[in-house]
Amino acid sequence: ETGVTQSPTHLIKTRGQQVTLRCSSQSGHNTVSWYQQALGQGPQFIFQYYREEENGRGNFPPRFSGLQFPNYSSELNVNALELDDSALYLCASSRGQGGDIQYFGAGTRLSVL
Amino acid sequence: GIQVEQSPPDLILQEGANSTLRCNFSDSVNNLQWFHQNPWGQLINLFYIPSGTKQNGRLSATTVATERYSLLYISSSQTTDSGVYFCAASRGSNYKLTFGKGTLLTVNP
């Protein structure tokens, strides 16, 4: 049990729709990172939020966006869904940036039809 | 950015056997973590080990930072050890974890 919770656990959408995924960070953590894991691959970094500001971004298009709230929970929004967006989306929380340990939630499995 | 390579990609063992998983990384790191991903997708933290050696029950890990590799040892393997093992690293003020492609471990009874 990592103390990081994600919702929903599963989601089915159709191409072109929009989706919002949610993450509650572990108590005392102010940083949330989002990762996308395609089938058979390792997780890929999407972006990180530190104290409500985006703190870095991976190689993902602008239709992937996010928010972090004052309680440090976070949302990942994906617009104009494409079939390739089908993946497991993982959220990780940590106490700070850089070298701090990241603790992962159980993920949201998104299927785009 | 940093490159992370894991070997072997697949490993099949009989229950009770020992194994060693390897992770090579391309640059100095300030974070190196080993994870076990269960069949439901949960990434379970095994070790935070940017350098040195740690042990937790039947599992242990060693990172030799100067030579840019880390090893995960599993002793007396059990069927519940099956799953994918990931190594992930970050360096400097870089915030993102870069993952290897994983090692798929299958432990047969």
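Just so it is clear: chains get the letters A, B, ... in the order the sequence lines come, proteins before strands, and each one is counted from 1.
- The two residues B:L43 and A:P43 come nearest to each other via the heavy atoms CD1-CG, 4.2 Å.
- Under the 3.5 Å distance criterion, with hydrogens and angles disregarded, a donor-acceptor pair is assigned to the side chains of A:Q48 and A:S33.
- A:N55 and A:E53 form no side-chain donor-acceptor contact under 3.5 Å, judged by distance and modelled atom types alone.
- Residue A:L90 touches chain B through its side chain alone, counting heavy-atom pairs closer than 4.5 Å.
- If you tally non-hydrogen atom pairs under 4.5 Å between each of A:G107, A:A92, A:G58, A:G105 and chain B, the highest count goes to A:G105.
- Contacts between A:Q37 and chain B at a heavy-atom distance below 4.5 Å involve the side chain alone, from C-beta outward.
- Ring geometry for A:Y35 versus A:F104: interplanar angle of 30 to 60°, hence tilted.
- Neither the backbone nor the side chain of B:Q6 comes within less than 4.5 Å of any heavy atom of chain A.
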